[in-house]
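If you're wondering where the values come from, they're calculated on a predicted model, not measured in any experiment.
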Amino acid sequence: MSELNSVRASLNYLVDTGVKPATHLYLPLGDPKRIIGDYRPYDVTIRDARSIADSFTLEREGFEFCRHETKVTDFFDEDQRRDIYDPEIERLVLQVSGARRVVVFDQTVRVQSDRTRAEKGVREPVALVHNDYTDKSAAQRVRDMLPADEAEDLLSRRFAIIQVWRPLRWKVQKLPLAICDAQSMTPAEIFESDLIYRDRVGETMRMTHNPDHLWYYFPDMAPDEAMVFKTYESEQDGRARFTAHTAFDDPTSPPDAPPRESIES
């Protein structure tokens, strides 16, 4: 394989202090109590994966890149997300994963612009190295979404939680998504983190730094492109189980690039 183009950028990793990290989602951005934990930036190499996009697999590296057209005209419209995008995502994940059944249970729009977030009531990009589910929270998600007897039957067999990430109205040039090759991660770097809402507590993963982590991104992702990646896999047989990911400040972003807008499903 020829040497890939790459950038050097800072990624925010957890530092293990013995205290379980947490995020209080109901507190406003900038509140010093919102994020509990010690995070430090580490300079890493993030490889431009466009030239080898077809070489990644969901089962080995934990992610795949694909072209994906959508008929959604306004991702800020909840009805369009439910009636149009949910079925599109279901079909995509069935195709990429080979699953027998797909349940779409969440859509999160994230935008960089403070003004747009306030107008649309959406979330901000996450610039911390993380993974969305743990063994505990993945099982709880199944129980939350399905009738009790059906959930327990499914939990006795293989299941996975897969995310689909895409840009909204324009190419993502600011705060693109970096993703870590699952083969380069080890259990020693994984730490559970509480995700605290007003009415419940979930659990995600934070990662400590390992210089062997292999990071990739797909620069200038367009609205007809998507990344499909695992945030949980129940099998523990050597296949990819988790994929750490984060937004990052790309030093090659044009100064006049529009603020990032994306949706994760």
Side-chain angles (χ1 to χ4, degrees), residues 6-25 29 34-47 49 56-65 106 108 110 123-141 160-165 175-196 201-218 227-236 238-250 260 262 264:
S6 64
V7 296
R8 290 288 290 180
S10 290
L11 301 186
N12 295 307
Y13 279 94
L14 176 73
V15 176
D16 179 20
T17 61
V19 176
K20 187 176 185 180
T23 301
H24 294 79
L25 282 180
L29 291 178
R34 178 179 168 90
I35 296 178
I36 306 301
D38 185 6
Y39 294 90
R40 296 180 190 172
Y42 288 83
D43 284 342
V44 304
T45 297
I46 306 176
R47 295 159 180 83
F56 301 104
T57 70
L58 202 61
E59 298 302 319
R60 186 177 61 239
E61 290 85 8
F63 63 93
E64 295 188 23
F65 177 83
D106 190 31
T108 301
R110 298 187 186 276
R123 302 268 291 277
E124 75 282 358
V126 178
L128 297 174
V129 177
H130 70 286
N131 180 71
D132 296 53
Y133 287 91
T134 65
D135 287 313
K136 176 183 175 181
S137 61
Q140 186 60 50
R141 177 63 77 171
I161 300 180
I162 293 171
Q163 183 176 137
V164 179
W165 188 97
L175 293 182
L177 184 72
I179 193 159
C180 187
D181 183 340
Q183 298 177 106
S184 69
M185 297 164 51
T186 73
E189 298 119 41
I190 295 172
F191 290 79
E192 289 81 13
S193 176
D194 285 335
L195 198 61
I196 302 172
V201 177
E203 192 174 67
T204 62
M205 288 180 178
R206 296 290 188 259
M207 310 292 297
T208 55
H209 179 251
N210 181 338
D212 292 331
H213 287 164
L214 292 175
W215 286 97
Y216 295 95
Y217 82 124
F218 297 87
M227 289 179 64
V228 182
F229 56 95
K230 284 187 188 178
T231 57
Y232 182 77
E233 161 70 63
S234 63
E235 291 291 331
Q236 302 184 43
R239 73 184 77 201
R241 297 195 68 211
F242 315 106
T243 43
H245 52 281
T246 180
F248 76 99
D249 188 5
D250 184 351
R260 169 183 147 179
S262 62
E264 57 206 50

What's the shortest heavy-atom distance between [X] and [Y], and which atoms?
X: Ala244; Y: Met185; result: N-SD, 3.6 Å
X: Leu177; Y: Met227; result: CD2-SD, 4.1 Å
X: Phe191; Y: Thr208; result: CE1-CG2, 3.4 Å
X: Asp181; Y: Gln183; result: OD1-N, 2.9 Å

Considering only heavy atoms from C-beta outward, does the side chain of [X] approach that of [Y] to under 4.5 Å?
X: Arg123; Y: Leu25; result: yes
X: Arg241; Y: Lys230; result: no
X: Val129; Y: Leu14; result: no
X: Arg206; Y: Tyr39; result: yes
X: Ile161; Y: Asp132; result: no
X: Glu264; Y: Asp106; result: no
X: Trp165; Y: Ile179; result: no
X: Ser10; Y: Phe248; result: no

[atom2] on [Y] to [atom1] on [X], rounded to 0.5 Å:
X: Thr134; Y: Asp194; atom1: OG1; atom2: CG; result: 9.5 Å
X: Arg60; Y: Leu58; atom1: CZ; atom2: CG; result: 11.0 Å
X: Glu189; Y: Phe242; atom1: CD; atom2: CZ; result: 12.5 Å
X: Ile36; Y: Lys20; atom1: CD1; atom2: NZ; result: 13.0 Å
X: Ser184; Y: Trp215; atom1: OG; atom2: CH2; result: 8.0 Å
X: Ile35; Y: Asp38; atom1: CD1; atom2: CG; result: 12.0 Å

Which is it for Glu233 and Arg239 under the side chain to side chain contact (heavy atoms under 4.5 Å, CB included) test, yes or no, and what are the steps along the way?
-> CA-CA 8 Å; Glu233 161 70 63; Arg239 73 184 77 201; 3.7 Å; yes
Mind running side chain to side chain contact (heavy atoms under 4.5 Å, CB included) on Thr186 and Asp212 for me, showing each step along the way?
-> CA-CA 10 Å; Thr186 73; Asp212 292 331; over 6 Å; no
Are His213 and Tyr42 close enough, and set up right, to give a ring pair (Phe, Tyr, Trp, His ring centres under 6.0 Å), and what steps lead you there?
-> CA-CA 12 Å; His213 287 164; Tyr42 288 83; 10.0 Å; no
Worked verdict on Ser137 versus Gln140 for side-chain hydrogen bond (donor to acceptor under 3.5 Å, both in side chains) | CA-CA 5 Å; Ser137 61; Gln140 186 60 50; over 6 Å; no
Verify the distance criterion only: is there a donor paired with an acceptor across the side chains of Arg260 and Ser262 at less than 3.5 Å?
->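 Checked: Arg260/Ser262 side chains pair up, N/O donor to acceptor below 3.5 Å.
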Lys/Arg N to Asp/Glu carboxylate O, Glu61 vs Arg47, below 4.0 Å |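 Arg47 and Glu61: not salt-bridged.
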Tell me, with the steps shown, if His130 and Ser193 meet side chain to side chain contact (heavy atoms under 4.5 Å, CB included).
-> CA-CA 9 Å; His130 70 286; Ser193 176; over 6 Å; no
Without swapping roles, check the side chain of [X] against the backbone of [Y] for a donor-acceptor pair under 3.5 Å.
X: Thr23; Y: Leu195; value: no
X: Glu64; Y: Val228; value: no
X: Asn131; Y: Thr231; value: yes

Please test Val7 against Asp250 for side chain to side chain contact (heavy atoms under 4.5 Å, CB included), starting from the C-alpha separation and ending with a verdict.
-> CA-CA 7 Å; Val7 296; Asp250 184 351; 3.9 Å; yes
Can you label the angle between the Phe56 ring and the Tyr216 ring as parallel, tilted or perpendicular, going by 30° and 60°?
->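 Plane angle over 60°, so perpendicular.
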